[in-house]
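First up is the structure itself, then whatever we jot down about it.
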Amino acid sequence: MTALYFHVIERNVLAYRRLWGIFLTGFAEPLLYLASIGIGVGALVGTVKGPGGQMVPYDQFVAPGLLAAAAMNGSVFDTTFNFFFKYKYAKTFDAMLATPLGPVDVARGELGWALMRGTIYAAAFLFFMAILGLTSSWWAILCLPAAMLIGFAFAGAGMACTTFMRSFVDFDYVNMALLPLFLFSATFFPLSQYPAGVQWIIRCTPLYQGVALERALAFGELSWTLSINVLYLAAMGLIGLHIAGRRLALLLQP
Amino acid sequence: MSDALIEGKKLTKRFEDFVAVDGIDFRVEPGEAFGFLGPNGAGKTSTMRMISCVSPVTDGELRVLGMNPATQGSEIRARLGAVPQEDTLDLELTVRENLLIYGRYFGLARPVIRERADELMSFVQLTDRSGDRVDELSGGMKRRLTIARALINRPELVLLDEPTTGLDPQARHLVWERLYQLKRQGVTLVLTTHYMDEAEQLCDRLVIMDGGLIVAEGSPRQLIDQHSTREVVELRFDADDDRAKALALISRTDVPHENLADRILIYTADGETEVEQLGRSGVHPETVLVRRSSLEDVFLRLTGRTLEE
Amino acid sequence: MPTLLATRVVEHQAHIFRKFWRGSAVAYLINPILFLGAIGLGVGGLVKGGKGTVDGVSYLAFVVPGLMAASAMNGAAAESLWPIMAGTKWIRTFHAMVATPVGPGDVFLGVVAWTAVRAAIGGTLFLIVAALFGGVLSWWAPLAIPAAVLTALAFAAPLTAFAGTQDTDFRFPVIMRLGVVPLFLFSGTFFPVSQLPSWLQPLCWLSPLWHGVQLCRGATTGSIDPPEAVANVAILMAIVVLGARWGIRTFTKKLAT
């Protein structure tokens, strides 16, 4: 028998079969950003200092950043807005918990689904990066598992935060957190643009870990610091998942 | 020790300071239809959620299908069918898909589920709606689908929390009729209700709950025989003065009675005779109704309150 | 016909705004400021070490009017889809309104007008912040505020009308992702339209946002070209009028039954 949480993923696949149009539009956003900022603004910028210290074309610099951001945005949306709707209004999880599934299965299944969806988007984006000649190393293949790790980290954290939300109004905070992360995690310009003190703050934020990881892999500039990024993201996902499972049990099985 | 399907001993549920279920004892035997009757807030749903293994027991003992909900919740739920008070249907899916995916939660194989889904849709008379989104169904249809869904794993025990609350009379009768069918097939039913007619229709045996406690137990017939009289006379008055006068007269006799907001109830073995006697002693109500005693009266006699408030 | 009763709808919207102001503040003010920091200052610093120019002005000054018009669009789009569904279906506040002397046309105009009010407040505050960062070059800049309001209306009117025809919100994310986001990124907001392939460039005339960006940019950089600005205004006005007519019709149909 397969693990029980697999059926939670199955449910989402079933529900999404009719919404494939919406599913497809998810591919568009990161590509549009790549075209606008990477190529359009990139033409004004020219070259920029890459992860190895060499000057690299701006579009090559931005693409891995957008890949990391897309992995974050994809998984956060599924584990916050959609997750909240399912648990608070649609009672989807109440139905699941009346079966052999437990709260931890629900949390794992929802996270698995977010991850699956994010992975498909990330794979498509990476494919376009390669076609457009924006990858310069074979290490770039590892950008995909790295995107999954970023997705995992933000899915876990997003889900944990969502269990503390009271109403949709609280999601304004999610938006308020996501956009700054998207814009300021060295996604669009190198860390060196910041004053030294601010650089250290940025280095501590979660999306920066993902951007640093993706960019290093895309350019094949590996170093031991990448293991810190990996550990950070893995811990964030695991802790989030653990909290989400615990909180769900408290919320749905009082 | 025994082969009871469910057994609760000193079963207790507390939410912080509030005691929802206050140490109740009960047994449900295989094949019977067992009811928890009581007003809203009596502790029925809390009890039901503990039995469904979706709410931990605070104190006391609970065994369901011979297992312990605290450690074997998943195994127990695998053999239960649960119909919660509020529908938890998947609104994003169709009628048929709801059954299919719910079966998958039990780890059943797809061909098995498909076959059962068709059977169940015909059982609850939803075959012609199978491709419709759940959103578009009426309240009664949703309830029937919820019941069908609870049967997808062929449970030995079906738990129904307020199965017909919020339904119109016609929809209620259709649900009762389906539940009666299940009972005849030998499925053990446990239900909560605050409708005395529902309890009378469906339950072989029931407990009456009030304030987290069980206040009486037995078959509907036994409960009426033990706690009420054969007949009840309902007196209604237009003017408050008449009513007060009548009440004073009745109180002077030792006739058991209840004084409700809109009427006075008199408990008696023979309603017609009692009405005549009252007339002779000067009680002249606007309307008089003589009827047989019901579980509603049992509850009233035991607690001094009505079931629906 | 809609009347001055629409002002009562504005009043109602303003009342519930007390609870939901954060979302609006984010859309009209915080988001553009964040983009201003990241793209205007951050990426702008990369354009020839921050000394490069775009269309004769610094990159920051180039991006400011783009962001101002774009946030008017983003805010108006967000407020004209889901909240409308809430009014007609989820919470049915609009149905409650038309049970009073307020008519369906009043509801439509009131909702759209309220969006304009927020766009005006958000735009003004953003302009002040942008000026503090040195992103505003001309004394004509205050004219960017009515331009942003007109841009907001050009999205609010047709989108509110469209939302009034829908029974579910299925199509809303598609509109955002395939309509609003591409407009945001390619209407001369972040880089001049002249950089697009030449066959694509004429298409910008089809983008209401591009007209808004042109107007705002003319005002904040002082490079306004009167005949072209008149054309921009006329096109935006036409969209507003057509959108309003459509909206009054769809709202009457939706709320009258």
Side-chain angles (χ1 to χ4, degrees), chain A residues 1-23 77-78 81-110 112-114 116-117 245-254, chain B residues 13-16 18 20 45-46 48-58 69 72-94 96-98 100-110 113 133-135 146 149-150 152-153 155 158-159 161:
Chain A
M1 208 179 86
T2 44
L4 282 173
Y5 70 84
F6 182 76
H7 303 307
V8 178
I9 301 179
E10 204 179 325
R11 181 258 162 213
N12 289 323
V13 173
L14 193 63
Y16 255 82
R17 276 209 303 223
R18 250 184 307 281
L19 305 176
W20 60 269
I22 294 178
F23 190 86
F77 189 78
D78 262 321
F81 298 93
N82 290 348
F83 185 83
F84 187 74
F85 180 76
K86 283 185 204 162
Y87 113 73
K88 196 102 179 182
Y89 295 99
K91 307 275 174 204
T92 318
F93 300 153
D94 292 88
M96 292 175 180
L97 294 177
T99 73
L101 295 170
V104 173
D105 298 309
V106 171
R108 279 188 197 155
E110 286 295 320
W113 160 248
M116 203 172 110
R117 201 171 148 178
R246 292 276 295 270
R247 290 276 308 162
L248 265 190
L250 285 177
L251 290 170
L252 295 173
Q253 304 190 321
Chain B
K13 181 71 197 180
R14 268 191 302 273
F15 298 100
E16 283 162 28
F18 172 68
T45 296
S46 296
M48 207 60 150
R49 285 177 57 84
M50 287 191 281
I51 300 173
S52 317
C53 309
V54 293
S55 175
V57 171
T58 318
Q72 294 162 289
S74 185
E75 289 94 320
I76 297 173
R77 290 195 301 268
R79 289 165 58 191
L80 289 183
V83 177
Q85 192 167 354
E86 270 177 74
D87 287 319
T88 56
L89 294 167
D90 205 316
L91 299 180
E92 290 177 72
L93 304 179
T94 64
R96 192 184 155 81
E97 286 170 342
N98 258 280
L100 295 180
I101 196 63
Y102 203 72
R104 293 295 286 156
Y105 296 156
F106 286 91
L108 300 172
R110 284 192 190 83
I113 306 173
R133 274 165 55 92
V134 168
D135 242 357
T146 303
R149 197 181 63 168
I152 197 84
N153 57 329
V158 177
L159 309 172
D161 195 2

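First the proteins, then the strands, lettered A, B, ... as listed; each starts at 1.
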Let's test your reading of the structure: which of Leu93(B), Leu100(B), Thr94(B), Asn153(B) forms the most heavy-atom pairs below 4.5 Å with chain A?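 When all of Leu93(B), Leu100(B), Thr94(B), Asn153(B) are compared, Leu93(B) has the most.
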Could you check which of Thr88(B), Leu91(B), Leu159(B) has the highest count of heavy-atom pairs closer than 4.5 Å to chain A? Thr88(B)
With a 3.5 Å cut-off and sequence neighbours excluded, list the donor-acceptor pairs that the side chains of residues 72-87 of chain B form with protein atoms.
unit_1: Gln72(B); atom_1: OE1; unit_2: Asn68(B); atom_2: N; d: 3.0
unit_1: Ser74(B); atom_1: OG; unit_2: Pro100(A); atom_2: O; d: 2.7
unit_1: Arg77(B); atom_1: NE; unit_2: Leu97(A); atom_2: O; d: 3.1
unit_1: Arg77(B); atom_1: NE; unit_2: Thr99(A); atom_2: O; d: 2.5
unit_1: Arg77(B); atom_1: NH1; unit_2: Cys53(B); atom_2: O; d: 2.8
unit_1: Arg77(B); atom_1: NH2; unit_2: Pro100(A); atom_2: O; d: 3.4
unit_1: Arg77(B); atom_1: NH2; unit_2: Leu101(A); atom_2: O; d: 2.9
unit_1: Arg79(B); atom_1: NE; unit_2: Glu156(B); atom_2: OE2; d: 2.7
unit_1: Arg79(B); atom_1: NH2; unit_2: Glu156(B); atom_2: OE1; d: 3.0
unit_1: Arg79(B); atom_1: NH2; unit_2: Glu156(B); atom_2: OE2; d: 3.4
unit_1: Gln85(B); atom_1: OE1; unit_2: Thr45(B); atom_2: OG1; d: 3.1
unit_1: Asp87(B); atom_1: OD1; unit_2: Arg143(B); atom_2: NE; d: 3.0
unit_1: Asp87(B); atom_1: OD1; unit_2: Arg143(B); atom_2: NH2; d: 3.2
unit_1: Asp87(B); atom_1: OD1; unit_2: Thr146(B); atom_2: OG1; d: 2.8

Neighbour count >12 (heavy atoms, 6.0 Å) for atom CZ, Arg108(A): no
How about Arg247(A): does its CZ atom have over 12 heavy atoms from other parts shown lying under 6.0 Å from it? yes
Could you check which of Met96(A), Gln253(A), Arg17(A) has the highest count of heavy-atom pairs closer than 4.5 Å to chain B?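 Of Met96(A), Gln253(A), Arg17(A), Gln253(A) has the most heavy-atom pairs under 4.5 Å with chain B.
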Does Glu92(B) come within less than 4.0 Å of Lys86(A), counting only side-chain N to carboxylate O? no
Under 4.5 Å from any heavy atom of chain B, what part of Ala90(A) do you find: side chain, backbone, both or neither?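 Ala90(A) touches chain B through backbone heavy atoms alone.
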[X] and [Y]: which non-hydrogen atoms are nearest, and at how many Å?
X         : Y         : answer
Phe106(B) : Ala98(A)  : CZ-O, 4.5 Å
His7(A)   : Tyr105(B) : O-CE2, 3.7 Å
Pro254(A) : Arg49(B)  : CD-NH2, 3.3 Å

Interatomic distance, CG@Asp94(A) vs CG@Leu89(B), rounded to 0.5 Å, equals 12.0 Å
Quick one: what part of Ser55(B) sits under 4.5 Å from any heavy atom of chain A, side chain, backbone, both or neither?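 Both parts, backbone and side chain.
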